[in-house]
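Let me begin by presenting the structure, written as structure tokens, before commenting on it.
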2 protein chains.
Amino acid sequence: MDASDNPDSAKPPARSPRAGYRTTGPVTLRTIAEQAGVHPSTVSRALKRSAGGDETARRIREIAAELGYRPDAAAASLRTRRSGAVGVLVHRLTDVVQAILFEAIEQTVLELGYQAIVANTYDDPDEQQRRVELMLARRVDGLILADAHTDLTYVDWVDSLEIPFVLVNRHAGDYPSVTLDDYLGGRLAGSHLADLGHSRIAVLGGLPHSSASTERAAGCLNALRERGIEVDDDAVETTGLDASTGREGMRRILDRRPDITAVFAVNDFDALGAVIALREGGREPGADVAVVGFNDVPVAEAAQLTTVRSPHATMGSAATRMLMDVIDGRHVQSMRLSPELIVRATSCPPPSP
Amino acid sequence: MDASDNPDSAKPPARSPRAGYRTTGPVTLRTIAEQAGVHPSTVSRALKRSAGGDETARRIREIAAELGYRPDAAAASLRTRRSGAVGVLVHRLTDVVQAILFEAIEQTVLELGYQAIVANTYDDPDEQQRRVELMLARRVDGLILADAHTDLTYVDWVDSLEIPFVLVNRHAGDYPSVTLDDYLGGRLAGSHLADLGHSRIAVLGGLPHSSASTERAAGCLNALRERGIEVDDDAVETTGLDASTGREGMRRILDRRPDITAVFAVNDFDALGAVIALREGGREPGADVAVVGFNDVPVAEAAQLTTVRSPHATMGSAATRMLMDVIDGRHVQSMRLSPELIVRATSCPPPSP
DNA sequence: ATGAAAGCGCTAACAA
DNA sequence: TTGTTAGCGCTTTCAT
């Protein structure tokens with residue numbers, strides 16, 4: 001583990017001759033062609049189909065491997081007009097939901113022989129534009145936007161660029177998208193709380209520009225209304241995506257409405273923040289107050305949080321395949337996946353008076 | 001929000017003539033040169049220095065903007081042998097620490113006129129190699145590895161590639177790195193628990209191949225030993241990076257050692273998992289049992305978790321600058337940043353017998 | 001099946 | 001300052 005057995009480790013990177021065939025400089029098709037005594041174009045063809053072929057092809061591939069040949073993506077891209085890369089724009093990767101989405105997208109994209117390039121836009125329109133421009137400069141073959149706003153300025157602009165793209169996680173307009181049925185998810189949460197017998201319910205509503213947030217809240221509110229339960233405006237707060245905003249929002253609601261017996265947060269981190277604020281206020285979630293979150297992020301199970309599960313990995317890979325269809329000019333149709341209610345220990349009936 | 005006011009939104013991407021100068025096909029330097037009546041190389045030069053210049057340069061930039069010119073990064077890269085991209089390899093982005101690091105790296109890299117490309121390797125050697133190879137195919141100008149293993153196979157191999165690289169978050173061998181002084185951080189945690197009066201302490205030790213995990217645990221153990229406090233092997237568990245592994249590890253320790261009065265976890269999510277396991281075991285963290293985590297991730301404050309703060313954003317941007325130094329052939333020296341103990345509500349003395 | 005030749009868009013000599 | 005020329009490494013006609 002000490003570096004003393006590795007005396008070269010501190011040396012700065014420097015060009016130096018290597019063993020084997022290699023003499024100097026980078027290995028290109030021409031290098032291989034010279035070694036093999038054939039034309040570069042023959043090497044190109046032999047390397048294209050990675051298996052099979054005749055005697056010559058096999059020899060060429062052997063030499064290429066021996067020399068440590070690495071195809072130059074830039075050169076290929078320049079020639080073919082395809083970069084083999086797709087751009088992914090997310091709100092921000094410190095939001096674990098976006099990170100899960102990206103991991104799924106990356107994996108699917110790799111399976112299909114592409115590479116994924118991700119950019120954080122922080123939901124800021126200037127940053128969205130800047131990052132899309134950079135993606136275009138890299139000549140990505142398509143774009144997956146996880147950061148669409150319900151306001152169409154952004155997505156309409158991307159559409160005008162005439163680059164293939166799909167939306168994921170949030171929908172906007174009727175551009176092709178893969179999303180959860182967030183409205184239904186909100187309904188599941190609202191119905192669950194109503195079934196438990198609650199009637200004084202608080203809502204932590206998330207980001208106003210995100211279809212995911214607004215539809216979850218709307219679904220919950222409508223499901224409650226159908227049961228004759230009204231959620232007053234002073235029991236609703238908009239929040240961000242982390243526990244601190246959820247905690248603060250919950251505190252404000254508790255100040256105004258100490259009588260509430262249940263909370264629905266449109267994402268799990270806000271729900272965890274609410275759990276903390278409730279404990280600070282002397283109430284035990286799952287005993288005195290019911291809490292329902294949304295997403296079923298990894299920490300939710302450990303926290304025993306009732307939540308609405310969203311199949312983020314499935315969404316990511318479905319969006320990737322949909323993008324490939326758009327790239328290939330096939331017809332695509334937006335998908336809405338189904339949410340699932342996961343009941344855990346933070347569910348409880350209202351305390352008996 | 002409905003698409004009826006946006007009848008074009010559903011149409012598949014298709015080449016179509018646009019307004020203004022543009023006639024057909026993509027806009028290249030030649031297109032602009034023809035419009036301006038100059039040679040393409042003149043356009044290239046005029047566009048390079050984005051401000052100032054004479055009359056001609058100004059006119060050229062105007063035309064470029066009007067035509068919506070987007071430089072082709074692949075073509076420039078092919079010519080200059082520099083891609084303007086740096087590769088970032090992380091354990092996985094769903095680990096919020098890695099996501100924070102990447103956000104900082106991305107931002108710094110953008111300020112310096114580069115673009116960042118990130119890859120999840122899941123700490124798997126095969127994946128590490130595969131993703132580095134893909135980075136090389138993209139001809140990245142340098143690599144930032146956040147997923148180094150203490151076993152040197154991986155980093156030695158990267159070194160043999162003769163591409164500039166630095167390590168961040170974990171160090172290995174004596175390759176240039178920006179890390180926290182994890183050992184000292186562990187000592188802070190251990191000393192804190194000893195100061196509170198604890199002597200029966202459990203440790204959740206993280207990933208064995210990560211210098212960050214092992215040194216944090218070692219620092220804690222050594223600080224305790226110096227005070228005459230031994231941590232028995234049956235009070236130690238290795239864990240992953242999320243709350244569920246922390247919860248399980250804590251449960252196993254509680255089964256064997258119900259007498260422990262304090263826990264140190266080498267990362268906050270394991271600590272949160274421990275908090276949950278303790279509550280399930282009928283003990284209140286911060287009252288019956290002290291819990292100390294590590295990293296000070298965003299949720300830690302909301303959870304009132306005592307922890308050791310690591311300046312991840314600073315680490316990310318320092319590593320980026322260090323990489324630039326390596327790329328430019330300047331001498332660099334590894335950095336170790338200082339941890340800071342953040343005392344919150346999960347700190348408490350042992351219960352009086 | 002292989003070779004020859006051209007060219008993707010850009011930049012960096014060099015020349016004027 | 002501007003134009004000329006050449007070429008980065010690759011793919012893809014076309015001809016053999």
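The sequence lines fix the lettering, A, B, ..., with proteins before strands; numbering per chain opens at 1.
- A straight line from CG of B/L78 to C1' of D/dC8 spans 4 Å, rounded to a whole angstrom.
- By the 4.0 Å N-to-carboxylate-O rule, B/E106 lies close enough to A/R131 to be salt-bridged with it.
- Inspection of the B/D156 and B/Y175 side chains reveals an N or O donor paired with an N or O acceptor under 3.5 Å.
- Between the NE2 atom of B/H39 and the P atom of C/dA12 there is a distance of 15 Å, rounded to whole Å.
- Rounded to whole Å, atom P of C/dG3 lies 15 Å from atom CZ of A/R30.
- A salt bridge between B/R59 and B/E62 is absent, with no side-chain N of the basic residue lying under 4.0 Å from a carboxylate O of the acidic one.
- When distances run from any side-chain atom of A/Y69 to the nucleotides D/dG9, D/dC10, C/dA12, the shortest one goes to D/dC10.
- Nucleic acid contact for B/T28: sugar-phosphate only, since backbone atoms but no base atoms lie under 4.0 Å from a heavy atom of the residue.
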Sequence neighbours excluded and cut-off under 3.5 Å, please list the side-chain donor-acceptor pairs for residues 316-323 of chain A, or say none.
{"residue": "A/S317", "atom": "OG", "partner": "A/A313", "partner atom": "O", "Å": "3.4"}
{"residue": "A/S317", "atom": "OG", "partner": "A/T314", "partner atom": "O", "Å": "3.3"}
{"residue": "A/T320", "atom": "OG1", "partner": "A/G316", "partner atom": "O", "Å": "2.8"}

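- In this structure, A/S44 reaches the bases: a heavy-atom distance under 4.0 Å links it to at least one base atom across the strands shown.
- A/K48 has no side-chain polar atom (N or O) that falls below the 4.0 Å cut-off from OP1 or OP2 of D/dC10.
- Distance CZ (A/R70) to P (D/dC8): 21 Å, rounded to an integer number of Å.
- Ion pairing between B/D147 and B/R170 fails under the 4.0 Å rule for side-chain N and carboxylate O.
- A/T56 comes within contact range of the sugar-phosphate backbone alone, with a heavy-atom separation under 4.0 Å but no base atom that close.
- In this model, no side-chain donor or acceptor of B/R139 finds a partner on the base of D/dG9 within 3.5 Å.
- Regarding contacts with the backbone of D/dG3, a side-chain N or O of B/T42 is found under 4.0 angstrom from either OP1 or OP2.
- Atom CG of A/D72 is separated from atom C1' of D/dG7 by 14 Å (rounded to the nearest Å).
- With rounding to whole Å, A/I60 atom CD1 is found 12 Å from C/dG3 atom C1'.
- Residue contacts shown for B/S41 include a base, since a base heavy atom lies under 4.0 Å away.
- Residue A/R81 contributes atom CZ, which lies 13 Å from atom C1' of D/dT11 at whole-angstrom precision.
- Rounded to a whole Å, the CZ atom of A/R59 is 9 Å from the P atom of C/dT2.
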